Amino acid sequence: MSDLLERLRGRGWRMTAQRRVVAEVLDGEHVHLTADEVHARAVERLPEISRATVYNTLGELVSLGEVLEVSTDRRAKRYDPNAHRPHQHLVCARCGAIRDVHPTGNPLSDLPDGERFGFTISDVEVTYRGICPDCASA
């Protein structure tokens, strides 16, 4: 059973066949699928699942804090099940591939006091950009 499925069961989330399939599709490391990609993969497992059900389920998972909605560029939002381990993203500027990365250090403390402008900082999002090996060799 996937980590996401275990977390959802632990919360007592009603596990319909459709919800289960969406959670199974999101299982794995470095998963950053668009809603359309989630739907396409879900249809392979459960042909009758609707696009609306996938979108609604993704919205619920984001509201529960079990999935992150990631927007790293002007492309479609992506859904990241790695919601409980702090991480940043590494994005290919050509193909849009996304990998989770875990830099050392504390980005909250890296911002000098003079650059905080009185803000109380609660969260940081850093996106590293580059060219992935596949695109570099093409």
Side-chain angles (χ1 to χ4, degrees):
M1 180 179 353
S2 78
D3 183 48
L4 179 58
L5 281 171
E6 287 179 26
R7 292 192 322 252
L8 293 169
R9 279 210 175 102
R11 294 181 77 134
W13 198 52
R14 192 170 60 92
M15 193 63 65
T16 64
Q18 293 86 353
R19 286 176 165 186
R20 170 190 281 282
V21 165
V22 170
E24 288 172 349
V25 165
L26 289 171
D27 186 36
E29 289 187 38
H30 307 289
V31 174
H32 302 91
L33 301 173
T34 66
D36 287 340
E37 290 169 336
V38 172
H39 179 253
R41 292 181 186 192
V43 165
E44 292 174 5
R45 298 172 187 220
L46 189 66
E48 66 272 15
I49 194 167
S50 72
R51 187 177 308 278
T53 297
V54 169
Y55 275 81
N56 290 337
T57 302
L58 289 170
E60 288 180 43
L61 292 172
V62 169
S63 292
L64 288 170
E66 294 297 340
V67 171
L68 302 173
E69 202 172 60
V70 177
S71 183
T72 59
D73 50 26
R74 292 187 178 120
R75 299 176 187 195
K77 292 177 189 169
R78 296 182 175 267
Y79 296 87
D80 181 355
N82 189 3
H84 296 282
R85 182 172 179 213
H87 65 283
Q88 307 305 328
H89 292 106
L90 176 61
V91 180
C92 178
R94 289 191 187 156
C95 70
I98 303 173
R99 303 290 292 189
D100 291 347
V101 293
H102 304 89
T104 57
N106 180 356
L108 282 172
S109 63
D110 288 345
L111 186 63
D113 289 339
E115 292 291 318
R116 293 176 183 240
F117 301 99
F119 280 64
T120 301
I121 310 289
S122 60
D123 191 27
V124 176
E125 290 181 24
V126 175
T127 302
Y128 298 92
R129 298 185 191 286
I131 305 297
C132 73
D134 290 341
C135 289
S137 66

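What you see is a predicted model; the values in this text were computed from it and never measured. Side chains included, hydrogens not; waters and symmetry mates left out as well; all remaining heavy atoms used. In this chain, residues are counted from 1 in sequence order.
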Query raised in the report: Considering all heavy atoms of both residues, which atom of Thr34 and which atom of Ala76 are nearest to each other, and what is their separation?
Result: CG2-CB, 3.9 Å
**Report entry** Non-hydrogen atoms of Ile131 and Ala136 that approach each other most closely
**Finding:** CG2-N, 3.6 Å
Residues 112-128, side-chain donor-acceptor partners within the protein, below 3.5 Å, at least two apart:
| from | atom 1 | to | atom 2 | distance (Å) |
| --- | --- | --- | --- | --- |
| Arg116 | NE | Leu111 | O | 2.9 |
| Arg116 | NH2 | Leu108 | O | 2.5 |
| Arg116 | NH2 | Leu111 | O | 3.0 |

**Report entry** Side chains of Thr57 and Val21 in contact at under 4.5 Å (non-hydrogen atoms)
**Finding:** no
**Report entry** For Val54 against Ala35, the heavy-atom pair lying closest together
**Finding:** CG1-O, 3.9 Å
Query - Taking every non-hydrogen atom, the tightest pair across Ala83 and Gly65 - result: CB-O, 3.4 Å
Query - Least distance between heavy atoms, Thr53 atom then Ser50 atom - result: OG1-OG, 2.9 Å
Query - Intermediate values then yes/no, side-chain contact (heavy atoms from CB on, under 4.5 Å), Tyr79 and Leu61 - result: CA-CA 9 Å; Tyr79 296 87; Leu61 292 172; over 6 Å; no
Query raised in the report: His39: what forms a ring-ring contact (aromatic ring centres under 6.0 Å, His included) with it, not counting sequence neighbours?
Result: none
Report task. Taking salt bridge (Lys or Arg N to Asp or Glu O under 4.0 Å) as the test, write out the residues that go with Arg41, two or more places apart. Result -> none
Query raised in the report: What distance separates Asn82 CG from Leu26 CG, expressed to the nearest 0.5 Å?
Result: 12.0 Å
Report summary line: Checking Leu68, Val31, Val25, Leu33 against Pro81 for side chain to side chain contact (heavy atoms under 4.5 Å, CB included), the one that qualifies is Val31
Report task. Side-chain contact test, heavy atoms from C-beta onward, threshold under 4.5 Å: evaluate it for Leu5 versus Met15 and give yes or no. Result -> yes
Query raised in the report: Can a donor-acceptor pair be found between the side chains of Asp80 and His87 at a distance below 3.5 Å?
Result: yes
**Report entry** Minimal non-hydrogen separation, His32 against Ile98, with atom names
**Finding:** ND1-O, 3.4 Å
Query raised in the report: Can you find a pair of side-chain heavy atoms, one from Val22 and one from Arg19, that are under 4.5 Å apart?
Result: no
